[in-house]
Amino acid sequence: MSADTRPAVIRQFPCLDDNFGVLFHVPESTSGPGGTIAFDVPDADPYKQVLKETGWTLTDILVTHHHWDHVQGLEKLKADTGARVTGPALSRDRIGGLDAVVEDGDEVTAAGIAFKAIGTPGHTLDQISWWAPELSFAHTGDTLFSLGCGRIFEGDPTMMWTSLEKLMRLLPPATDIYCGHEYTLSNARFARTVDPDNAALKERVAEVERLREQGLPTLPTTMARERATNPFLRAGDAAIRSRLHLEDASDAEVFAEIRRRKDTF
Ligand code: ZN
Ligand code: FE
């Protein structure tokens with residue numbers, strides 16, 4: 001991190017049944033005006049509540065994909081705050097209220113911070129993961145979850161695997177990962193069935209059970225932790241391949257089989 005990097009304050013809170021709201025705030029300072037970013041808007045009211053509590057002024061909304069549980073509250077929150085909305089170019093005709101659109105590889109400055117738009121299609125074709133390299137922050141929408149990944153609705157398994165590989169290639173291990181849903185406990189139950197001897201996974205499952213019992217979130221996670229425990233990132237792992245009898249398959253084929261099993265788990 002450079003010396004003049006202003007730290008962000010991040011608030012994560014539940015929205016709807018199992019969605020997350022995420023607010024990312026950069027305080028005003030001598031090096032810039034700062035600002036506050038909402039990542040997706042499942043529901044406007046919880047966002048307004050947190051903005052009221054903190055006194056933050058919303059400046060930007062960054063959207064990951066077009067599903068209703070990510071954009072439902074967007075126009076209301078925009079109307080109340082005047083925030084600038086940036087979302088996927090592929091959904092320019094179906095997400096209301098967009099002021100700007102991005103494609104894979106584009107860079108956006110929000111709250112004075114540089115964000116990279118990483119195209120990660122598979123769950124939907126339009127899916128964008130947002131990454132701020134300077135602050136070691138990423139929001140992976142419904143692409144990468146803790147111990148899981150999004151269901152493949154619009155793409156195919158090879159497309160989703162390519163997106164996950166891209167996240168593994170781009171995001172350094174220490175990157176904090178925020179995502180769209182608190183699905184970790186059910187993901188953990190499935191993960192154990194394909195990777196039962198993984199000690200790091202056992203530890204993570206115990207931690208997840210403890211957190212959920214206490215009503216606490218299991219996110220954010222980190223790229224390092226997901227690489228060690230998330231079966232959807234571990235298609236190359238010898239123990240998983242042998243368990244699935246797919247020793248000679250490609251990583252994409254192993255991933256497809258893990259995804260297929262999860263869909264019917
Ligand atoms: Zn979705
Ligand atoms: Fe979702």
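Numbering of ligands and ligand atoms starts at 1, following listing order.
A salt bridge between Glu257 and Arg261 is present, with a side-chain N of the basic residue lying under 4.0 Å from a carboxylate O of the acidic one. A salt bridge is defined here as a Lys NZ or Arg NE, NH1 or NH2 lying under 4.0 Å from an Asp or Glu carboxylate O, and Asp45 with Lys76 meets this definition.
A donor and an acceptor atom, one from each side chain of His65 and Thr124, are nowhere located under 3.5 Å apart. Defined by atom type and a distance below 3.5 Å, a donor-acceptor pair is present between the side-chain atoms of Thr221 and Glu226.
Between the Fe ion (ligand 2) and the N, O or S atoms of Asp69, the shortest distance is to OD2. Note on Asp142: its N/O/S atom closest to the Fe ion (ligand 2) is OD2. The N, O or S atom of His181 with the smallest distance to the Fe ion (ligand 2) is NE2.
Phe145 and His181 have their aromatic ring centers within a separation under 6.0 angstrom. The aromatic ring centroids of Phe137 and Phe39 lie less than 6.0 Å from each other.
Contact annotation: His70 places an N, O or S atom under 2.8 Å from the Fe ion (ligand 2). Among the atoms of His67, no N, O or S atom is found under 2.8 Å from the Fe ion (ligand 2).
More than 12 heavy atoms of other residues, nucleotides or ligands lie within 6.0 Å of CG in Asp263, so this atom counts as buried by the packing criterion.
With values rounded to the nearest 0.5 angstrom, His139 atom NE2 is found 11.5 Å from Phe24 atom CZ.
Protein N/O/S atoms closer to the Zn ion (ligand 1) than 2.8 Å number 4 in this structure.
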